[in-house]
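Written below as structure tokens is the structure these notes are about.
All of these numbers come straight from a predicted model, not from anything done at the bench.
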2 protein chains.
Amino acid sequence: MTEIDSSQDTRSGAPARSRSSKPAPTIYDIAELAGVNPSTVSRALSKPGRISAKTEKLIQDAAKTLNYRVNPMARALPTGRTMTLGLIIADITNPMFFDVVRGAERAARESGYTLIIAESQESGEREAATAERVAPSVDGMILVTTRLADEQIADLAELRPLVVINRRIDGVDAIVPDLEPGIDQALTHLAELGHRSIGYLYGPSGSWMSSARWEALLAKSVELGMSIVEIGPGIPTLEGGRASMTRVAASGVSAVVAYNDLMAIGLLRAAQEKGLRVPGDLSIVGFDDIFGSDFTSPPLSTIRTPLALIGTLAVRRMLERIAADDRRPAHGSRGKAPAISTELVVRGSTGPAGA
Amino acid sequence: MTEIDSSQDTRSGAPARSRSSKPAPTIYDIAELAGVNPSTVSRALSKPGRISAKTEKLIQDAAKTLNYRVNPMARALPTGRTMTLGLIIADITNPMFFDVVRGAERAARESGYTLIIAESQESGEREAATAERVAPSVDGMILVTTRLADEQIADLAELRPLVVINRRIDGVDAIVPDLEPGIDQALTHLAELGHRSIGYLYGPSGSWMSSARWEALLAKSVELGMSIVEIGPGIPTLEGGRASMTRVAASGVSAVVAYNDLMAIGLLRAAQEKGLRVPGDLSIVGFDDIFGSDFTSPPLSTIRTPLALIGTLAVRRMLERIAADDRRPAHGSRGKAPAISTELVVRGSTGPAGA
DNA sequence: GCACGTTTGGCAACCGATTGACAGATGGAT
DNA sequence: ATCCATCTGTCAATCGGTTGCCAAACGTGC
């Protein structure tokens, strides 16, 4: 009756990941199989050249035999690199998000990074909390349709390298498309169709992007001698577009540019239900060219934003920064205009004024 | 001139996460501030009750002061729990995926889990590689539109708890909607409209779901005394739907049920371009009710699949299994019919036969 | 054959948590 | 006042890698 026998239990604190399954092989297993030291295995696997070709091959073979995969968690601990990027999105319901994800996921994967998706919905408080929760497990964060205040965003930027999409903030890296070309084309297009007076369906009241679009539209319409009015703000959904119908009708404009495609489509349908012909009685231009915007009848004319490209560029910028081990925004990029261009896609929802 | 002074460098191997930023606080920092042992901090933070209320408060306060966040990587190492779930998707371009993500992300977040998104596109080989790459960093994986062979899937299930969506495989947990109600309603609806002969636009040739839908349609149409033909297989995209137009016309059917909404919409547009009236000359029913399927003109009648719910349930099932520390599929669930029902959404693309 | 520079591989500390075992403190009963 | 059961906090090992430092092995030129 020995009272002390616990000493032989060498793996007492083992994870016991899941019953009935062998634990994943480690570099120690490889080391044993290959007859070398674990540190040699580590080097052979992650620092090609540091080890003699002979031993390296030996280790590679052993690794293959055991079907070894490096444990990213274990690696992240000493290196501080998680090889993971976080995509924080306020509202996952917004379809523009999906195109961004497409671009971002691919760019990340090509560089060996993994993408974490987190939705924060609701208020800014919640979004900040989400970002802080995600921060420790990622090397950088990309904010997609953020509702945070500038200052909160700056705070987050202290925590981890940060890139913001569709919003410009002092001292924070941003990926923002160049609105000019698309808006120039859209207003010129409308002018050529004889529209003299147009409306802008404003998005959410605090939205940086909505006012950026408004500013650009305003400048251009002045230049073209057109009159333009703000209608809104409104929520950036089908419902929001619908809800603006009364005000649009009351405004007497012959054409409307909406903050985004969702609002444009909502308006389109509400107009049609009211008996208005589109584009006969009202021309409508959307923004973004989201999936499905060409499903409508008439198909929606819209100012395309290269969302997938934006996602890709956001990841690239992030990775550049990480590679440079830099917490500050890219070089002198703050003033540099992005080469991400918008363009008008003419479909069926725009036509001659008063036709 | 001392030759030995390296001993004073206690943090030689420190991560050096990023210049110019204080490293994240650790439980050691808290322990120092609160004047207790790190292990006490660990317990205070993760095992409420194990520590006296007084010390616990002391530690909580210190943690708050330092704005401490537990490092998920460091925690994952000893526990073997990453608190992360992987969503592996073959083709991120497929919009049905969006709704699944919505449901899954929320369910995961509610339980404190984080979601990793990985796309594998291309072949099955690539998909298996993707899954193996992701496996070590997650507690479980959900396969969304997998192109893997049954056997490969079973292999992955050995690696990590696995849940498959929209496909049934022996010995693997699956979340599959009940096709019967929706298909019953759709065929009854078509029968009532006078359609006697319908076509099924088949999806990708290897697709489990496409043949499941076919089987159910076949059984029901026999029951209703309707004739039904397969048209396809085809790629499950707008283009695939378009491409089937010739065969649909040649088949002489008065109504078509498509494998998914994308194909249905493609067909709808091709038909309209050919001068056919929908639903006058051809009735079309889609499948899934994806975002945008009601944008078309006429809006698409479709058999709705509760995709967000499916995402949610997949995560729940996964978490149940993880909670039970179980690698095998849920209890006797294999035979148990899921309570996820489909239903027909009648919109404008279906109408009286030969009208 | 020898001295010397370069590879190559091993040792051990470390990343930030978790946890079994244990000792000291506390409090109640006798 | 003494003893014992319970509660509380500490010690130290551990998860699976990475890496600075060092010594042994190696090859080379003279």
Quick one: label B:Lys47 by what it contacts on the DNA or RNA (base, sugar-phosphate, nothing), any heavy atom closer than 4.0 Å. sugar-phosphate
OG1 (A:Thr40) and CD1 (A:Ile51) are apart, to the nearest 0.5 Å, by 5.0 Å
Taken to the nearest whole Å, CG/A:Leu66 to C1'/D:dG16 is 15 Å
Tell me yes or no: between the side chains of B:Asn71 and B:Arg69, is some donor less than 3.5 Å from an acceptor? no
Rounded to whole Å, CD1 of B:Ile59 lies from C1' of D:dG9 at a distance of 9 Å
Check every atom of D:dG17, C:dA17, C:dT19 against the side chain of B:Ser39 and return the nucleotide holding the closest atom. C:dT19
With a 4.0 Å cut-off on heavy atoms, is B:Val36 in touch with a base, just the backbone sugar-phosphate, or nothing at all? sugar-phosphate
Taking OH from B:Tyr28 and P from C:dG16, how many angstroms apart are they, rounded to a whole number? 9 Å
For A:Ile51 and D:dC26, give me the distance from atom CD1 to atom P, rounded to whole Å. 15 Å
Contact under 4.0 Å: B:Thr40 side-chain N or O vs D:dT10 OP1/OP2: yes
I need the CD-C1' distance between B:Glu32 and D:dT10, as an integer number of Å. 17 Å
Toward the 5' end of DNA chain C, which comes first, A:Gly49 or B:Val41, by nearest nucleotide? A:Gly49
Taking atom P of D:dT10 as reference, at what distance in whole Å does atom CZ of B:Arg50 sit? 11 Å
State whether B:Tyr68 places a side-chain N or O below 4.0 Å from either non-bridging phosphate oxygen (OP1 or OP2) of C:dA17. yes
Would you say the side chains of A:Thr114 and B:Arg133 form a donor-acceptor pair under 3.5 Å? yes
Using whole Å, what does the distance between atom C1' of nucleotide D:dC15 and atom CG of B:Asn71 come to? 13 Å
As a test of reading the structure: which of D:dC11, C:dG16, D:dG17 is closest to the side chain of B:Arg43, going by heavy atoms? D:dC11
Which is true for B:Thr26 with a 4.0 Å heavy-atom rule: it touches a base, it touches only sugar-phosphate, or it touches nothing? sugar-phosphate
Kindly say if A:Ser52 contacts the phosphate of C:dG9, meaning a side-chain N or O under 4.0 Å from OP1 or OP2. yes
Between the side chains of A:Asp91 and A:Thr145, is a donor N or O closer than 3.5 angstrom to an acceptor N or O? no
Let me know the distance between CG of B:Leu77 and P of D:dG17, rounded to the nearest Å. 9 Å
Would you call the rings of B:Phe97 and A:Phe98 parallel, tilted or perpendicular if under 30° counts as parallel and over 60° as perpendicular? perpendicular
Can you see if the side chain of A:Ser42 gets near the phosphate of D:dT18 - specifically, an N or O under 4.0 Å from OP1 or OP2? yes
What nucleotide, of C:dG16, D:dT18, D:dG20, holds the atom closest to the side chain of A:Thr79? D:dT18
